[in-house]
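A note on names: the letters A, B, ... follow the listed sequences, proteins ahead of strands, and every chain is numbered from 1. These figures come from a predicted structure and were not determined experimentally.
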Amino acid sequence: MGNNLIEKYYRTERLPHIWCPGCGNGIVLRAIVKAIDNLGLNKDDICVVSGIGCSSRATGYLDFNTVHTTHGRALAFATGIKLANPNLHVIVITGDGDCAAIGGNHLIHAARRNIDITTVVFNNNIYGMTGGQYSPTTPTGDKGTTAPYGNIDPNFDLCELAKSAGATYVSRSTVYGANMITKQVEEGIKNKGFSFIEALTICPTYYGRKNKKGDAPEMINQLKEMTINVDAYYKLPQEKREGRIVIGELYRVQREEYIEKYNRLINSF
Amino acid sequence: MTENNKRLMQGNEACVEGAIAAGMRFFAGYPITPSTEIAEISAAKLPRIGGKFIQMEDEIASISAIIGASLTGVKAMTATSGPGFSLKQEGIGYAIMAEVPCVIVNVQRGGPSTGLPTSPAQGDIMQARWGTHGEHSIIALYPSTVKEIFDTTIRAFNLSEKYRTPVILLMDEVIAHMREAVDLPDISEIKIYNRKKPSVGPEEYKPYKVLKGNIVPEMANIGEGYRYHVTGLIHDESGAPTNDNRIAEELVLRLVNKIENNLDDIVYYEKYELDDAEEAIVAFGATARSAKSAIDTLRAKGRRIGMFRPITIWPSPKKQLTELAKKVKRIMVVEMNMGQYLLEVERIAGKYTEVLGYGRVNGELVTPKEIVRFVEEG
């Protein structure tokens, strides 16, 4: 099954990929591809857009229409692509630094418009490509090469951000449970509007090593221990919720999609 | 041409009219003085002809969106002014590297920084040339009248499509906001160039390979069955990123040379009273209008003086400036900055003739009177 997906959807001549041993990005990428396969979408109708960073290199390996853009701007490029050709399924692959720091404003406004784009954030809590600097999602107190004494910044809850900004589908999952990522990407693509999926992944090479998190399997296990499914979470008494990361479908709402609105304007003349 | 086509039109409006005539069906922008009317008029006109307008959250998002739109095969433009032009540089570099046609209008204003938002300046000459990082060439056009804004915007799109490169349209605030009578040509008379689509099937298609007889790679639209990779990284003919030094050099040189080797096609200019001239003014945009008036005055006094007006300021008209330099005793570059284009004219013409510069940066136009004085006393 796995190999079939690779032959069907990857540019196999571009492999091996550049990711480090133990990196979780390959798990997220396969989960996305599996979602596309499950939905039976035509490869020609899919455009995957990414920014800059480790996760954003994913587009180079995929046999779709792929655009590897500038740092933080994947959603701005994707907005132009989707608005100019609404027939395309536009999927954005981005990382925590790309999406929440330099690209934070584009995330807010793409969500606000509710434009039909599915965004998957590979959140590894660190800038990996540049060698391990702290990102907006590095937990407070954790170390990075630019936070040698521990990060004093509060870390961002990206799902809360996307929800507040206007996304109509918001979910979170981890590389411990790749099937959940697949399910969420499917739901995101099916949602006619802006969908935001935060996939928690691991960076053993930089984040893990700097913070003594152990090897890749240990880090994946930690993701399992830190997270709790949304249904179980709300059954917990308030005092037991502290510090748990909620996974699952976090938010869904119906709201008219941006291009549908624009087309109504065009058709009114 | 009938009387009916004559309209009183603002420069910024002429820009949108030209863009639409050239086939623009996508505009993304961000409000900024003195270019805002271009966005406003695009917002009003585009949905009426099935095109798309979007006001993005910032200048970088705007240029990113037009590059995305262009990748799907739709002609796209953004417009800005000085501070916004600084922010566009990231996207300009990407469009150069990924060879995505698009047009960036910069209605200049006084700088640096927020500067003089409502006053004219010609201070972005060098930023248009070198604003984005890395070795590259660029096409920048500079119209001088409202009618010429219409024509030059069409040229900007045509060059952009033909050479698969971003084209910068530099404008002066005073012409952007001036109203002049414009004779719009019949749409059938306008020559439109569209990017070359692939002549081979998806199996054979190499998105960054230049086929024999072509200047640039043939460009497939996203969504038409040619699945390929677009990146701002150095890439091979298949679009795949690479660190190969030989490929890096070949690519950068190809991107530069596709422009520098086609100057005869890209360079537009006007010669004014140069046939018997012993001295010449080089000026562009609004400053060229003052220079023309000054030349008429000086000619009436018996001085044999003319003007060379580059409409394509980048790549610079080397051949024409060299010919001019060999013919005249001196060249005077007049511009609303402290000598940016002067540097380029000195570089090209300096070894053949004397080159002088006259500039100002106070947000006022250079008047014909002060040009006359400069020529007579300078």
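Using a 4.0 Å cut-off between a side-chain N of Lys or Arg and a carboxylate O of Asp or Glu, A/Arg112 and B/Glu57 do not qualify as a salt bridge.
With a 4.5 Å cut-off on non-hydrogen atoms, B/Leu233 touches chain A through its side chain but not through its backbone. Contacts of B/Tyr226 with chain A are made by backbone atoms alone, with heavy-atom separations under 4.5 Å and no side-chain atom involved. Of the atoms belonging to B/Ile66, not a single heavy atom falls under 4.5 Å from chain A. Proximity to chain B (any heavy atom under 4.5 Å) is shown, for A/Leu83, by both the backbone and the side chain. For A/Lys82, no part sits under 4.5 Å from any heavy atom of chain B, backbone or side chain. Looking at A/Asn263, only its side chain comes within 4.5 Å of chain B, counting heavy atoms on both sides. Contacts of B/Ala240 with chain A are made by both backbone and side-chain atoms, with heavy-atom separations under 4.5 Å.
Counting heavy-atom pairs closer than 4.5 Å to chain A, the top residue among B/Ala28, B/Ser238, B/Pro202 is B/Ser238. Each of B/Gly239, B/Gly50, B/Ala220, B/Gly223 has some count of heavy-atom pairs under 4.5 Å with chain A, and the biggest count is that of B/Gly223. Ranked by heavy-atom pairs under 4.5 Å with chain A, the list B/Ala98, B/Gly225, B/Gly232, B/Gly93 is led by B/Gly225. Ranked by heavy-atom pairs under 4.5 Å with chain B, the list A/Leu265, A/Thr70, A/Ile108, A/Leu75 is led by A/Thr70. Among the candidates B/Pro241, B/Gly68, B/Ser64, B/Ala65, the residue making the largest number of heavy-atom pairs closer than 4.5 Å to chain A is B/Ser64. Comparing B/Ala76, B/Ala69, B/Gly91 by heavy-atom pairs within less than 4.5 Å of chain A, the highest count is held by B/Ala69.
Atoms CZ and CD, on A/Arg113 and B/Gln55 in that order, are 9.0 Å from each other to the nearest 0.5 Å. Distance CD1/B/Ile222 to CG/A/Leu88: 7.0 Å, rounded to 0.5 Å. A distance of 9.5 Å separates CD1 of B/Ile49 from CD1 of A/Ile266, quoted to the nearest 0.5 Å. For the atom pair B/Ile67 CD1 and A/Arg73 CZ, the distance stands at 11.5 Å (nearest 0.5 Å).
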Chi angles and distances behind the side-chain contact (heavy atoms from CB on, under 4.5 Å) call for A/Tyr258, B/Ile54: CA-CA 11 Å; A/Tyr258 185 77; B/Ile54 185 167; 3.4 Å; yes
B/His229 vs A/Arg11, test: side-chain contact (heavy atoms from CB on, under 4.5 Å). Steps then yes/no. CA-CA 10 Å; B/His229 189 54; A/Arg11 293 177 177 135; 3.4 Å; yes
Could you please spell out the steps behind the side-chain contact (heavy atoms from CB on, under 4.5 Å) verdict for A/His68 and B/Val230? CA-CA 6 Å; A/His68 177 219; B/Val230 182; over 6 Å; no
CA sep, side-chain torsions, deciding dist, call: B/Asp58, A/Asn105, side-chain contact (heavy atoms from CB on, under 4.5 Å): CA-CA 9 Å; B/Asp58 60 42; A/Asn105 202 29; 3.8 Å; yes
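Other residues, nucleotides and ligands place no more than 12 heavy atoms under 6.0 Å from the CD atom of A/Gln254. Within 6.0 Å of the CZ atom in A/Phe156, the count of heavy atoms belonging to other residues, nucleotides or ligands does not exceed 12. Atom CZ of A/Arg255 is surrounded by more than 12 heavy atoms from other residues, nucleotides or ligands within 6.0 Å. Within a 6.0 Å radius of CG in A/Asn42, other residues, nucleotides and ligands contribute more than 12 heavy atoms. The environment of CD in B/Glu250 is crowded: more than 12 heavy-atom neighbours from other residues, nucleotides or ligands sit within 6.0 Å.
Ring-centre distance between B/Tyr94 and A/Phe77: below the 6.0 Å cut-off.
Sorted by first and then second residue, the salt bridge (charged side-chain N to carboxylate O under 4.0 Å, His left out) pairs involving residues 223-235 of chain B (not counting sequence neighbours) are A/Asp44-B/Arg227, A/Asp63-B/Arg227, B/Lys197-B/Glu224.
Contact check for A/Pro86 versus B/Lys52: side-chain heavy atoms found under the 4.5 Å cut-off.
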